[in-house]
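For reference, the structure is listed below as structure tokens.
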Amino acid sequence: MASASRLFSDLEVDVLADAPLGPLTWFGIGGRADALVRPRTVEALATLIARCHRDGIEFRVLGDGANLLVADEGVSGVVVRLDQPVFRERKLNVRGSVEAVRAMAGVSLPRLITDAVGAGLAGLEGLGGIPASIGGAVRMNAGGGFGAISDSLHSIAVIDRRGEIGVHPASALELSYRHASIPGAIVLWAAFRLEEGDPVALRDRLKEVMSYKSSTQPLAGHSAGCMFKNPPARSGEPGPRPSAGRLIDQAGLKGTRIGGAVVSPHHANFFLVEPGATAGDVISLAELVASRVEDRFGVRLEREVVVWDRRPVEESS
Ligand SMILES: Cc1cc2nc3c(=O)[nH]c(=O)nc-3n(C[C@H](O)[C@H](O)[C@H](O)COP(=O)(O)OP(=O)(O)OC[C@H]3O[C@@H](n4cnc5c(N)ncnc54)[C@H](O)[C@@H]3O)c2cc1C
């Protein structure tokens, strides 16, 4: 990247040029970034965002890489990772204020849940077993059968493209199934409204949620969780969204394989990768599965997994 030294040289950041991104994702495959940048301060992050915007340099943020597929050709520009200590800070208030937990974007969601449960704070335990950073969990509105992160979200801070920090109440965001509108380039922190609860009962509930998840999903393999969102219910039909996994299963696609990518025989919406798999295998398999489901049921599945490739950020999904 030609203007790298102008971007970073005076900032408190660690930079790795031509950085492999695959190992930072749960799939474990995919290409490289021109620069992987790990800011050491919020100010450095904000300045970097503003400079990338000013210079027209692609800017992306990587969380825990649990919902991400990086294309084999990699991505151009800057990828930021929020893993330095300042982005791992969290504050728990056990005296039951409105905002009971505030966590920086780089905090691990599973770790925060364990801490909240241990402190007798109820509200996040239904998200047990979901791998995520707080920033990624808010951006994806992560959740499942026991609720979504938006259920207890109180407010978020974001940094916009000019590098300015703004705080937004959850009520001002558009939060829906696996979707959150983020009014800025990056989530900086999130605050949660939690209730006081009994730590022992909360721990039991968390164990229950996690054992349900591990009995229904192939958590040990390399995947990014569900490949597709559950499609909307047909208009006029009441009740929950139909399960994308069930549609894929009913189309007879469990175990379907392209190269080293395979539809899990255990849970049809999980795509697993085996040694030697490429991101191209996963993308081709997703296209094949979506078109077979559409042929069979007339339902077009929308990908839940985010794909990063050489297209500009706005066009990638
Ligand atoms: C085994 C397994 C099980 C899973 N089960 C579930 C489940 O039950 N429910 C569920 O909802 N998901 C599930 N997932 C998917 C994944 O856990 C969630 O989507 C999670 O929210 C991803 O968070 P992340 O930090 O890993 O984000 P990443 O995968 O790193 O990034 C995903 C998107 O979020 C953006 N992002 C990351 N950090 C920020 C930030 N600070 N600000 C703005 N944008 C940001 C990225 O740019 C990218 O667009 C599962 C995944 C795996 C591997």
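Remember, it's 1-based here, ligands and their atoms both numbered in the order they're listed. Remember, predicted model here, so these are calculated numbers, not experimental data.
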Discussion item. Counting only nitrogen or oxygen atoms and a 3.5 angstrom limit, does S223 reach ligand 1?
Written reply: no
Worksheet item: Hey, is ligand 1 close enough to G129 that some N/O pair sits below 3.5 Å?
Response: no
Item to complete: Spell out, as yes or no, whether a donor-acceptor pair under 3.5 Å connects the side chain of R303 to the backbone of V305.
Response: yes
Worksheet entry | Closest protein heavy atom (residue, atom, distance) for atom 9 (N) of ligand 1 | G143 O, 2.6 Å
Worksheet item: For the residue pair F146 and Y212, is the inter-centroid distance of their aromatic rings smaller than 6.0 Å?
Response: yes
Worksheet entry | Atoms in ligand 1 with a heavy atom of R178 nearer than 4.0 Å | 11 (O)
Discussion item. Using a 3.5 Å distance criterion without hydrogens, assess whether the side chain of R32 forms a donor-acceptor pair with backbone atoms of L21.
Written reply: no
Item to complete: Tell me which protein heavy atom sits closest to atom 38 (N) of ligand 1, plus the residue, atom name and distance to 0.1 Å.
Response: G136 N, 3.4 Å
Item to complete: Measure A148 to ligand 1 on non-hydrogen atoms and call it side chain, backbone, both or neither using the 4.0 Å cut-off.
Response: neither
Discussion item. I need the nearest protein heavy-atom contact for atom 50 (C) of ligand 1: residue, atom name and distance, please.
Written reply: G225 CA, 3.6 Å
Item to complete: Would you check the N or O atoms of A132, main chain and side chain alike, for any that come under 3.5 Å of an N or O of ligand 1?
Response: no
Worksheet, complete the sentence: among protein heavy atoms, the one nearest atom 28 (P) of ligand 1 is G65 N, 3.6 Å
Worksheet item: Would you say D281's side chain and G260's backbone share a donor-acceptor pair under 3.5 angstrom?
Response: yes
Worksheet item: By number and element, which atoms of ligand 1 are closer than 4.0 Å to a non-hydrogen atom of A105?
Response: 41 (N)
Discussion item. With a heavy-atom distance limit of 4.0 Å, tell me whether W308 approaches ligand 1 through its side chain, its backbone, both, or neither.
Written reply: side chain
Practice prompt. Report the nearest protein non-hydrogen atom to atom 22 (C) of ligand 1: residue, atom name, distance rounded to 0.1 Å.
Written response: N67 CB, 3.8 Å
Worksheet entry | Among I182, V61, V79, L21, closest by any non-hydrogen atom to atom 36 (N) of ligand 1 | V61
Worksheet item: Short N/O distance, under 3.5 Å, between N141 and ligand 1?
Response: no
Worksheet item: Testing V78, V79, L11 for side-chain contact (heavy atoms from CB on, under 4.5 Å) with V37, which one passes?
Response: V78
Worksheet item: Which protein non-hydrogen atom lies closest to atom 31 (O) of ligand 1, naming both residue and atom, and how far is it?
Response: G63 N, 4.4 Å
Fill in: Residues E294 and R300 bridged, charged N to O under 4.0 Å
yes
Worksheet item: Is K229 salt-bridged to E302, going by a charged N under 4.0 Å from an acidic O?
Response: yes
Practice prompt. Kindly confirm or rule out an N or O of L82 lying under 3.5 angstrom from an N or O of ligand 1.
Written response: no
Worksheet item: Among all protein non-hydrogen atoms, which one is nearest to atom 49 (O) of ligand 1, and what is the separation to 0.1 Å?
Response: V306 CG1, 3.8 Å
Fill in: Pair D14, Q84: side-chain N/O donor-acceptor within cut-off below 3.5 Å
yes
Discussion item. Any salt bridge linking R257 with E274? Criterion: basic side-chain nitrogen under 4.0 Å from a carboxylate oxygen.
Written reply: yes
Practice prompt. Using a strict 4.0 Å cut-off to heavy atoms of M140, name the atoms of ligand 1 that fall inside it.
Written response: 19 (O), 21 (O), 33 (C)
Practice prompt. Tell me yes or no: between the side chains of Q217 and H266, is some donor less than 3.5 Å from an acceptor?
Written response: no
Worksheet, complete the sentence: On a heavy-atom basis, the closest approach of W308 and V75 is CB-CG1, 3.6 Å
Practice prompt. Report yes or no: does D72 contribute a side-chain atom to a donor-acceptor pair with the main-chain N or O of A279 at less than 3.5 Å?
Written response: yes
Worksheet item: Do side-chain atoms of R162 reach the backbone of A50 as a donor and acceptor pair under 3.5 angstrom?
Response: no
Item to complete: May I ask you to check whether P131 has an N/O atom sitting below 3.5 Å from an N/O atom of ligand 1?
Response: yes
Item to complete: Please work out whether any backbone atom (N, CA, C, O) or any side-chain heavy atom from C-beta onward of K213 is under 4.0 Å from ligand 1, and answer side chain, backbone, both or neither.
Response: side chain
Discussion item. Which of the numbered atoms in ligand 1 are under 4.0 angstrom from any heavy atom belonging to L68?
Written reply: 29 (O)
Worksheet entry | Contacting atoms of ligand 1, where contact means under 4.0 angstrom from a heavy atom of A224 | 15 (C), 51 (C), 52 (C), 53 (C)
Worksheet item: With no hydrogens and no angle check, do the side chains of S133 and D64 hold a donor and an acceptor under 3.5 Å apart?
Response: no
Fill in: Proximal atoms of ligand 1 relative to A142 (non-hydrogen, under 4.0 Å)
11 (O), 21 (O)
Worksheet entry | Distance-only N or O hit between ligand 1 and V187, under 3.5 Å | yes
Worksheet item: So which protein heavy atom does atom 24 (P) of ligand 1 come closest to, and at what separation?
Response: D64 N, 3.4 Å
Worksheet item: What atoms of ligand 1 come within less than 4.0 Å of a heavy atom belonging to L219?
Response: 1 (C)
Item to complete: Using modelled atom types only, decide if a donor and an acceptor are shared between the side chain of N230 and the backbone of A244 within a distance under 3.5 Å.
Response: yes
Discussion item. So does E174 get a backbone contact from the side chain of S181, meaning a donor-acceptor N/O pair under 3.5 Å?
Written reply: yes
Worksheet, complete the sentence: Note: ligand 1 atoms sitting under 4.0 Å from heavy atoms of A137 are 21 (O), 23 (O)
